[in-house]
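Contents: one structure, followed by commentary.
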Amino acid sequence: MPELPEVETIKRQLHDRVVSKRIKSVFFHPDFGNTLKFRNKKDIENLLPGKEITDIQRCGKYLIFNLSNSNYLVVHLKIYGRLVINPRFTPPKDHVHRFSLILEDEQTLRLFDKSSLADVLLMSSQDLKNIQSRVGPDPFDLTQEEFHQRIMAALQTKIKEALLNQGIISGIGNIYVDESLYKARISPFRKSATISKDESNSLLEAITEALEQGIRNRGTSIESYYDAFGFPGENQKYLKVYGRQGQPCFNCQNPIILTEIGGRRTYYCSFCQPESQLSLF
DNA sequence: CAATCAACCTGGGTGC
DNA sequence: TGCACCCAGGTTGATT
């Protein structure tokens with residue numbers, strides 16, 4: 001589910017409800033995670049009660065709760081994770097309740113996950129620095145020049161795979177990458193180093209627009225994502241290629257193609273996003 | 001080195 | 001009804 005716009009939406013919605021609040025207790029559902037996570041689980045149960053959440057931030061697709069003892073509770077929702085505060089409904093049966101964080105004012109933050117891939121980790125400042133150094137810059141923080149440099153460095157890697165690589169640029173996932181490439185009219189199959197400066201400029205602009213639109217619409221809800229209040233986002237109504245296989249391209253009316261790149265489903269228009277620049281003529 | 005693949009999980013869907 | 005298999009918006013680590 002969650003890419004940058006979804007995590008950013010959750011961060012903004014949670015901010016006023018959790019920042020400056022003290023944690024009363026935490027609870028892990030017995031089905032949470034594997035043995036590796038179990039070790040961290042004990043730390044979280046032991047160390048969190050009594051600590052204050054001093055801030056909430058986002059690093060790529062990671063959501064980070066700053067705690068009063070200079071530790072950080074780091075959440076990654078992976079594919080199906082949902083983080084919901086004060087749900088007033090019974091969550092869908094297929095999403096298992098994995099974790100709860102109860103605040104001093106009795107608000108409850110719950111993590112639901114259909115699989116159990118989502119991570120809840122307790123980190124020191126050093127751990128967090130290691131994460132932050134592995135995660136590339138936010139698209140919103142990049143100049144055209146920096147973006148182009150990073151794309152060029154990906155050499156023979158297909159541009160779609162480069163954009164999905166969180167170390168090159170962070171926050172873009174499988175939906176927004178297809179939307180951005182379509183908007184910039186660049187084939188997802190193009191080798192990164194063949195992207196011209198002009199193309200890279202339009203690509204960064206397309207990425208920025210696609211992500212900002214996603215944030216404005218509180219995220220894209222296709223099969224799993226809900227915002228922090230338990231409501232679906234609206235951005236799925238405005239997607240231009242993702243999920244539109246066989247339907248006419250909004251620009252040229254040719255059918256949108258569904259294929260596979262790097263093991264991920266990939267939607268594109270083979271006319272508007274030609275793989276070879278020669279086919280433009 | 002870069003590209004590919006399997007693994008991590010599990011609910012749901014499909015097809016036999 | 002059962003079962004084997006495939007799929008998923010992500011990430012990582014091993015293999016070719």
Side-chain angles (χ1 to χ4, degrees), chain A residues 1-10 28-38 40 58-63 74-83 91-99 111-121 130-132 134-136 152-181 188-194 207 210-211 213-215 217-227 232-236 238-239 241-245 258-267:
Chain A
M1 116 188 178
E3 308 179 28
L4 186 153
E6 288 74 32
V7 180
E8 180 66 22
T9 298
I10 293 170
F28 281 96
H29 187 280
D31 291 341
F32 180 88
N34 56 31
T35 50
L36 187 77
K37 291 175 190 168
F38 188 80
N40 208 268
R58 178 182 61 75
C59 174
K61 300 173 190 170
Y62 290 92
L63 192 62
V74 177
V75 176
H76 197 301
L77 297 170
K78 297 288 176 75
I79 299 177
Y80 292 112
R82 292 179 181 172
L83 206 50
K93 192 166 133 227
D94 64 330
H95 272 70
V96 179
H97 184 192
R98 309 274 177 190
F99 173 73
L111 172 71
F112 296 93
D113 194 357
K114 193 169 117 168
S115 64
S116 61
L117 292 172
D119 276 328
V120 178
L121 304 162
N130 293 341
I131 291 277
Q132 287 167 333
R134 261 206 340 261
V135 173
M152 290 298 99
L155 302 173
Q156 297 298 302
T157 309
K158 294 182 187 75
I159 185 65
K160 165 154 180 169
E161 294 184 276
L163 295 176
L164 287 175
N165 181 335
Q166 302 298 297
I168 296 177
I169 179 169
S170 68
I172 304 169
N174 204 36
I175 295 176
Y176 293 98
V177 72
D178 283 1
E179 292 296 312
S180 302
L181 287 166
F189 291 97
R190 289 272 300 281
K191 310 279 189 197
S192 301
T194 71
I207 289 168
L211 297 177
Q213 179 195 304
I215 294 171
N217 292 315
R218 293 182 359 277
T220 304
S221 294
I222 290 175
E223 69 172 280
S224 179
Y225 167 74
Y226 274 47
D227 71 14
E234 303 283 339
N235 199 53
Q236 62 281 7
Y238 307 102
L239 299 178
V241 271
Y242 193 89
R244 299 196 63 247
Q245 74 273 23
L258 171 58
T259 180
E260 191 178 292
I261 294 177
R264 317 296 304 279
R265 51 197 348 215
T266 298
Y267 301 88

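Sequence lines set the chain letters: A, B, ... in the order given, protein chains first and strands last, and positions in each chain run from 1.
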Need one value for L155(A): base, sugar-phosphate or nothing, where a base atom within 4.0 Å counts as base even if backbone is also close, heavy atoms only. sugar-phosphate

Taking the same atom, P, in dC5(C) and in dA7(B), what whole-Å distance lies between them? 14 Å

Trace of the side-chain hydrogen bond (donor to acceptor under 3.5 Å, both in side chains) decision for Y242(A) with R244(A): CA-CA 6 Å; Y242(A) 193 89; R244(A) 299 196 63 247; over 6 Å; no

If you look at every strand shown and take non-hydrogen atoms under 4.0 Å, does Y242(A) touch a base, only sugar-phosphate, or nothing? sugar-phosphate

Would you mind reading off the distance between N165(A) atom CG and dA3(B) atom P, rounded to a whole angstrom? 11 Å

Examine dA8(C): is either OP1 or OP2 under 4.0 Å from a nitrogen or oxygen in the side chain of R265(A)? Give yes or no. yes

Does the S170(A) side chain pair with the main chain of Q166(A), one donor and one acceptor, at a distance under 3.5 Å? no

Give the nucleotide from the list dA2(B), dA3(B), dC8(B) with an atom nearest to the side chain of L117(A). dC8(B)

Where DNA chain B forms runs of at least three Watson-Crick or G-U pairs (i with j, i+1 with j-1, under 3.5 Å), the stems are B:2-8 with C:10-16, B:10-16 with C:2-8

In whole angstroms, how far is the P atom of dT11(C) from the CD1 atom of I169(A)? 13 Å

Between E6(A) and G219(A), is there a donor-acceptor pair closer than 3.5 Å when you use the side chain of the first and the backbone of the second? no

R134(A) side chain N/O closer than 4.0 Å to the phosphate oxygens (OP1, OP2) of dT11(C)? no

Quantified in whole Å, what is the P atom distance between nucleotide dC5(B) and nucleotide dC6(C)? 15 Å

Phosphate-side-chain proximity, K61(A) and dT11(C), N/O vs OP1/OP2 below 4.0 Å: yes

Take atom CG of L258(A) and atom C1' of dC7(C), then tell me their distance rounded to the nearest Å. 12 Å

If the cut-off is 4.0 Å, is T157(A) near the phosphate of dA3(B), judged by side-chain N/O to OP1 or OP2? yes

Starting from C1' on dA8(C), measure out to CD1 on I222(A) and report it in whole angstrom. 11 Å

Starting from P on dG11(B), measure out to CG on D113(A) and report it in whole angstrom. 10 Å

In whole angstroms, how far is the C1' atom of dC8(B) from the CG atom of L121(A)? 14 Å

Checking the side chain of N174(A) only, and the main-chain atoms of R265(A) only, is there a donor and an acceptor separated by less than 3.5 Å? yes

Please report the distance, rounded to the nearest Å, between CD1 in I168(A) and C1' in dA3(B). 13 Å

Side chain S192(A), main chain T157(A), donor-acceptor under 3.5 Å: yes

For the side chain of Y80(A), starting at C-beta, report the closest nucleotide among dA8(C), dT4(B), dT11(C). dA8(C)

Is Q156(A) near enough to dA3(B) that one of its side-chain N or O atoms lies under 4.0 angstrom from OP1 or OP2? no

Taking the six-membered ring of F32(A) as reference, does the NZ or CZ atom of R98(A) fall below 6.0 Å from its centre and within a 45° cone about the axis? no

Would you find a donor on one side and an acceptor on the other, under 3.5 Å apart, between the side chain of D113(A) and the backbone of A118(A)? yes

Ion pair present between D178(A) and K160(A), side-chain N to carboxylate O less than 4.0 angstrom? yes

Can you check whether any acceptor in the base of dC9(B) is under 3.5 Å from a donor in the side chain of S116(A), or vice versa? no

DNA chain C: L164(A) or K114(A), which has the more 5' nearest nucleotide? K114(A)

When you get a sec, tell me which of dT11(C), dT4(B), dT10(B) is the closest nucleotide to the side chain of K78(A)? dT11(C)

Distance in angstrom units between H97(A) NE2 and dG11(B) C1', rounded: 18 Å

OP1 or OP2 of dT11(C) versus the side-chain N and O atoms of H76(A): is any pair under 4.0 Å? yes

